[in-house]
Amino acid sequence: MAYETITYETRGQIGILTLNRPDKLNAISAELRRDLEAGLVAAQGDDAVRALVLTGAGRGFCSGADLTGPAPERDGPPSQSERLDEEAWMGRWARLLRDFDKPLIGAINGVCAGAGMAWALACDVRIGSEHARFKTTFAERAISPDSGLSFLLPRIVGYASAADLIFTSRMVLADEALKLGLLNRLTAHDTLLDEAIAYGEQMAQWPPLAIRMAKRVLQTNMESDFVSAVKYESVGLAHARRAVNDVKESAASFREKRKGVYTGT
């Protein structure tokens, strides 16, 4: 498929989706939303892709919503459904990223601001370079957080740190981002993409159904009580073991003291 505002490629078992509006610091336009959805669908549906790296071209990861372009024209007043829409595009996009059920690795090459910061936080893990920096921005635009940031940020850094970042709208540089947990790993800018791919390969080496189910269990049980959590773990175990060949290979490779070769079957 041809994309206008992203690039999508695969390297072995790792997909690489790059936001590609570098002249706008990869600000979010309607076209970028369309292309990103298509790229995520492609990666989700390709069983050969076991993990996905999300990064940005140029100096930024994503600077948030594009406020520089012309306002979209409307044909008449909004419909009743539009008036009752409680999510808008920001909510739908937050769910789209969060519901991607393979490991999603943010390779943070530059600024993450506003909805772009929320997109970074929707990744399961984030590896950044010394150029990575985070800014909530919403208060500066006279709005409260959207795109899932109010849900994700306090779960990653804790309530007080989330309040600090939202209420002050201050810039968080790479070293502090690592300490806060906004980044899981920090590496040199020149090797960022290679390190992100290697990070993905650490995940891709394992049985893919087990990893995908592990992500579902982890996300679901973040919001569960203990009894519900252990019940859903049992559901996860049953689903993961549907890959009967991988279950056999896991046992065989353990007995034979070798690395397993898993097919997802």
| field | Asn245 atom CG, neighbour heavy-atom count above 12 within 6.0 Å | value |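 Enclosed: over 12 neighbouring heavy atoms sit under 6.0 Å from CG of Asn245.
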| message | More than 12 heavy atoms of other residues, nucleotides or ligands under 6.0 Å from CZ of Arg34: yes or no? | response |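 Yes - once you tally the heavy atoms of other residues, nucleotides and ligands closer than 6.0 Å, there are more than 12.
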Identify all side-chain donor-acceptor contacts of residues 6-14 below 3.5 Å with residues at least two apart in sequence or on another chain.
unit_1: Gln13; atom_1: OE1; unit_2: Arg50; atom_2: NE; d: 3.0
unit_1: Gln13; atom_1: OE1; unit_2: Arg50; atom_2: NH1; d: 3.3

| task | Please collect all salt bridge (Lys or Arg N to Asp or Glu O under 4.0 Å) contacts where either partner lies in residues 111-135, sequence neighbours excluded, each pair once. | result |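 Matches after skipping sequence neighbours: Asp124-Lys215, Lys135-Glu140.
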| message | Give me each pair satisfying salt bridge (Lys or Arg N to Asp or Glu O under 4.0 Å) with a member in residues 230-243, each pair once, sequence neighbours excluded. | response |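 Output for this query is empty, none listed.
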| Criterion side chain to side chain contact (heavy atoms under 4.5 Å, CB included) against Met117, the qualifying member of Ser63, Cys62, Cys112 |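 Going through Ser63, Cys62, Cys112 one by one, the side chain to side chain contact (heavy atoms under 4.5 Å, CB included) with Met117 is satisfied by Cys112 alone.
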Search all heavy atoms of [X] against all heavy atoms of [Y] and return the closest pair with its distance.
| X | Y | value |
| --- | --- | --- |
| Ile28 | Gly116 | CD1-N, 4.2 Å |
| Ser147 | Ala94 | O-CB, 3.4 Å |
| Ser129 | Ala188 | CB-C, 4.2 Å |
| His189 | Asn109 | CE1-O, 3.3 Å |
| Leu149 | Pro145 | CD2-CB, 3.9 Å |
| Phe134 | Ile108 | CZ-CG2, 4.1 Å |

| Stepwise side-chain contact (heavy atoms from CB on, under 4.5 Å) check, Asp164 with Arg170 | CA-CA 8 Å; Asp164 167 34; Arg170 65 183 181 83; 2.8 Å; yes
Just how far is it from atom [atom1] of [X] to atom [atom2] of [Y], taken to the nearest 0.5 Å?
| X | Y | atom1 | atom2 | answer |
| --- | --- | --- | --- | --- |
| Glu195 | Ile105 | CD | CD1 | 11.5 Å |
| Arg216 | Ile211 | CZ | CD1 | 13.0 Å |
| Ser234 | His239 | OG | NE2 | 12.0 Å |
| Leu192 | Ile127 | CG | CD1 | 6.0 Å |
| Ile156 | Ser161 | CD1 | OG | 12.0 Å |
| Tyr232 | Leu237 | OH | CG | 11.5 Å |

| query | Stepwise, does the side-chain contact (heavy atoms from CB on, under 4.5 Å) test hold for Leu153 with Leu182? | reply | CA-CA 8 Å; Leu153 184 59; Leu182 295 172; 3.8 Å; yes
| Between Ser29 and Asp66, do the side chains contain an N or O donor and an N or O acceptor separated by less than 3.5 Å? |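 Their side chains do not contain a donor-acceptor pair, so the 3.5 Å distance test is not met.
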Mind checking whether [X] and [Y] sit in one hydrophobic cluster, side chains of I, L, V, M, F, W, Y counted as touching below 4.5 Å?
| X | Y | result |
| --- | --- | --- |
| Leu165 | Ile143 | yes |
| Leu209 | Met213 | no |
| Leu193 | Leu17 | no |
| Leu186 | Phe61 | yes |
| Leu97 | Met203 | no |

| task | Sequence neighbours left out, what passes side-chain hydrogen bond (donor to acceptor under 3.5 Å, both in side chains) with Arg258? Give chain and number order. | result |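 Only Glu249, Glu256 meet the side-chain hydrogen bond (donor to acceptor under 3.5 Å, both in side chains) criterion with Arg258.
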| task | Applying side-chain hydrogen bond (donor to acceptor under 3.5 Å, both in side chains), name anything that partners Arg95, two or more places apart in sequence or on another chain. | result |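 Glu87.
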| said: For Phe151, is there any backbone N or O sitting under 3.5 Å from a side-chain donor or acceptor partner on Arg155? | reply: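 Side chain of Arg155 to backbone of Phe151, a donor-acceptor pair under 3.5 Å: yes, one is there.
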| said: Checking the side chain of Asn20 only, and the main-chain atoms of Ala57 only, is there a donor and an acceptor separated by less than 3.5 Å? | reply: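 Between the backbone of Ala57 and the side chain of Asn20 there is no qualifying donor-acceptor contact (under 3.5 Å).
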| field | Pair listing, side-chain hydrogen bond (donor to acceptor under 3.5 Å, both in side chains) test, anchored in residues 177-188, at least two apart | value |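 The answer is Arg185-Gln202, Thr187-Thr191.
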| field | Trace of the side-chain contact (heavy atoms from CB on, under 4.5 Å) decision for Gln44 with Asp101 | value | CA-CA 7 Å; Gln44 179 88 5; Asp101 76 349; 2.8 Å; yes
Report yes if the side chains of [X] and [Y] come closer than 4.5 Å at any heavy-atom pair, otherwise no.
| X | Y | answer |
| --- | --- | --- |
| Glu176 | Met171 | no |
| Lys259 | Val261 | no |
| Leu40 | Leu54 | no |
| Asp146 | Phe138 | yes |
| Asp246 | Pro208 | yes |
| Val53 | Thr18 | no |

